[in-house]
Structure formats: structure tokens, C-alpha cells
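For the numbers below, each heavy atom of this structure counts, side chains included, while hydrogens, waters and symmetry mates do not.
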Amino acid sequence: MDEETVGIGLVLTAAVGFGTLGVLGVLAADAGLSIPSVLALRFAIASILLWTILWYRGRLQLLRGRTLAVALGLGAVGYAAQSGLYFLGLEFMTAGLVGIVLFTYPAFVVGFVLLTHPDRVTGTLLAALGCSLGGVALITGADPAGADPRGVLVVLGAAIVYSGYILVSQRTLASVDAETLTAFVLPAAAASFVAFGLATDTLAAPANATAWGVAIAIAVVATAIPVLAFFAGLERIGASRASIISAAEPAVTVALGAAVLGEPITVVTLLGGALVVGGVVLVQRERA
């Protein structure tokens, strides 16, 4: 099997893994896990797995100075805030709709770039921005499945935070590889949720085997495996193609939400999701 095919398969594996997060998040809430508890476990377990694998491969590097501070800040503030808002959004909307709304983050990346570098404005980028935000507006205004406006605002907040996280990460990746950066982002995010959980008295260990199983699945299936698979695929097919293939992620979430949780799939959901994904594809084609 050639490297390109392997790379596509790895990125698709990552998209499927990340696509399970919304459904597993709903199952975690049903199992009685608080948001700080499940996310502290998610990032702590994933950190242990990632550090172990990088050490075994001889690719573990220690960060120092400003790069270390930025990596820890990205985890403790950026990634933690995005994840917390994502899981909060699951309390208001279906996993499928949360996955679609979150995937507007490339449009917000474009928006930030256009604000800071208006000379980069192109018709394609404006069309991408319009597609993504138009998809969310369509779902919010007309979806009979019930896109709670509160949930939409919360998850749009997660998308905006994530777009900022990406922009800062891109600058940092000029001096450190993505795997190493992630190895420091994850434990910082875990520490943030441990601190928040202790401060709000919402941190607790899973009470039964079901809760433990869901928490471990979130850490392994929805975090560690897709992170490693995406980086491995990225090395083989490049960032632009990997990003386009990753657009399968919200489709996976919608399909799993219907299959596992019985969430409704409406024509409006499909049309809105198609617009959001279309915006992502346009962004990546412009960058290619």
C-alpha cells in the first residue's frame, strides 16, 4: 500500500475518532460524570499515552522557556476553554448539531486573518466564511430538531476560542513539532480542569465501571488515537489535504448521534452541515 493511501486512511481514522467525542460526551453525562471530571480524565489519560508513545519512539522532547510557557498557556487556557464549552454545548443540543457548529472554526480563522490582513481578502475566502456561517444560521433558524440558541452561542464560542488556539499554535509550530507541542498542551488542559473542579467542588472519580469505560474511551478513542493518527497522516499527505479529509468529522458525529443516541437527522441539518463543510473545503483549497 502506497504512502498516500496510508496517509488518507490515517486522517480518516482521526476524523472518525474525533467524531465520536460528542456521542461519548453525552454518554459521560448520562453516566453521572461532571464536565471537569470527564475532561480532567480525558486529558490526563491521553497525556500519559502520548508521552509513553513518544518516549518509546525516541521522539520525546522537552520544551523550555517561552515555548514551554506558550504550550502550557495553549493547554490551560485555549484548549481547556474550547473543550469545556464544547461539552457544555452538549447539554443544550444534540451531539450532531454540536459537531456541525464547532466545525465553523476554520471560518473564524479566516475571519481573524481578514481583520488583521485585509489585503488577503479573496472571493473564495469570503464565500467560505459565508457558507460556514450560513449553515449555522440555517440550522439555528429552521431546524425542527431544535438547535437551542443558547447551545449555538456556547459552541460558537468554542469555535472562536479554537480558532484563536490554532492561530497561536501555528506561530509556535515554527519552532517545535506538532506532536511535542500537543504533549505539553494536554497535561496543561488536564491541570486546568483539576483546578476548576476542585474550586467548584465538581471533581469526582467515576462511580462505576460504565463511567470509567466512557471516560477511558474519550481519552483513548476520541483523543489519543486520533491525535496520533492525524499527525502520522499529516506527514504523508500534507496539511491542506489532511484538513479537507478531516471535514468528514461532523458527518461521523451526526451519523453516530443518530445510530447510538437516536438523534434526529433532518433535511435542514444535512443542508446546514453541507454548507459548513463546504466552507472548510473552500478555505483549504484557497490555502493549497
Side-chain angles (χ1 to χ4, degrees), residues 8-50 53 79-80 82-105 145 151 154-155 158-159 162 182 185-186 189-190 193 206 209-234 242-265 269-270 273 276-277 280:
I8 291 171
L10 286 167
V11 175
L12 280 174
T13 298
V16 172
F18 286 130
T20 66
L21 183 59
V23 173
L24 290 171
V26 173
L27 295 177
D30 291 343
L33 286 168
S34 68
I35 292 176
S37 298
V38 70
L39 290 178
L41 285 168
R42 174 197 184 191
F43 292 122
I45 295 171
S47 296
I48 293 170
L49 290 173
L50 184 57
I53 291 170
Y79 207 29
Q82 181 269 329
S83 299
L85 290 170
Y86 178 92
F87 272 68
L88 181 60
L90 291 171
E91 297 183 359
F92 298 97
M93 297 194 301
T94 63
L97 289 179
V98 169
I100 290 172
V101 175
L102 179 69
F103 221 69
T104 59
Y105 71 83
V154 167
V155 183
Y162 193 42
T182 304
V185 166
L186 294 181
F193 282 109
T210 299
W212 272 110
V214 173
I216 291 172
I218 288 174
V220 178
V221 178
T223 307
I225 289 176
V227 163
L228 291 168
F230 183 79
F231 289 149
L234 192 67
S243 297
I244 292 173
I245 294 169
S246 294
E249 181 183 328
V252 171
T253 304
V254 170
L256 286 176
V260 177
L261 303 175
E263 295 179 350
I265 299 179
T269 298
L270 294 176
V276 170
V277 172
V280 174

Notebook entry, point to check: Picking from Leu10, Val11, Leu12, what satisfies side chain to side chain contact (heavy atoms under 4.5 Å, CB included) with Ile8?
Noted result: Leu12
Item checked: Passing option when Phe18 is tested against Thr13, Ile225, Val227, Val252 for side chain to side chain contact (heavy atoms under 4.5 Å, CB included) -> Val227
Closest non-hydrogen atom pair, [X] against [Y]:
X	Y	value
Gly89	Val154	N-CG1, 3.8 Å
Leu49	Ala224	CD1-CB, 3.9 Å
Thr223	Ala46	CG2-CB, 3.7 Å
Ala95	Leu90	CA-CD2, 3.8 Å
Ala44	Ala190	N-CB, 3.6 Å
Val38	Ala28	CG2-CB, 3.9 Å

Interatomic distance, [X] atom [atom1] to [Y] atom [atom2] [nearest 0.5 angstrom]:
X	Y	atom1	atom2	value
Arg42	Leu33	CZ	CG	13.5 Å
Leu21	Thr253	CG	OG1	8.0 Å
Leu50	Leu228	CG	CG	5.5 Å
Leu270	Ile100	CG	CD1	7.5 Å
Asp30	Leu24	CG	CG	11.5 Å
Ser34	Phe193	OG	CZ	10.0 Å

Notebook entry, point to check: Hey, does the side chain of Tyr86 reach the backbone of Gly22 with a donor-acceptor pair shorter than 3.5 angstrom?
Noted result: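 A pair under 3.5 Å: yes.
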Note to self: With a 3.5 Å distance limit and no angle check, can you tell me whether Ser246 reaches the backbone of Ala15 through a side-chain donor-acceptor pair?
What the structure shows: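 Not a single qualifying donor-acceptor pair exists.
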Next item on the list: For Leu97 and Glu263, run side chain to side chain contact (heavy atoms under 4.5 Å, CB included): C-alpha distance rounded to whole Å, both residues' side-chain angles, the deciding distance at 0.1 Å, then the answer.
Entry: CA-CA 10 Å; Leu97 289 179; Glu263 295 179 350; over 6 Å; no
Check: Are Tyr79 and Phe43 an aromatic pair by the rule of ring centers under 6.0 Å?
Finding: yes
Check: Given side chains that start at C-beta, do those of Leu261 and Thr94 come closer than 4.5 Å, heavy atoms only?
Finding: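 No, every pair of side-chain atoms sits at 4.5 Å or beyond.
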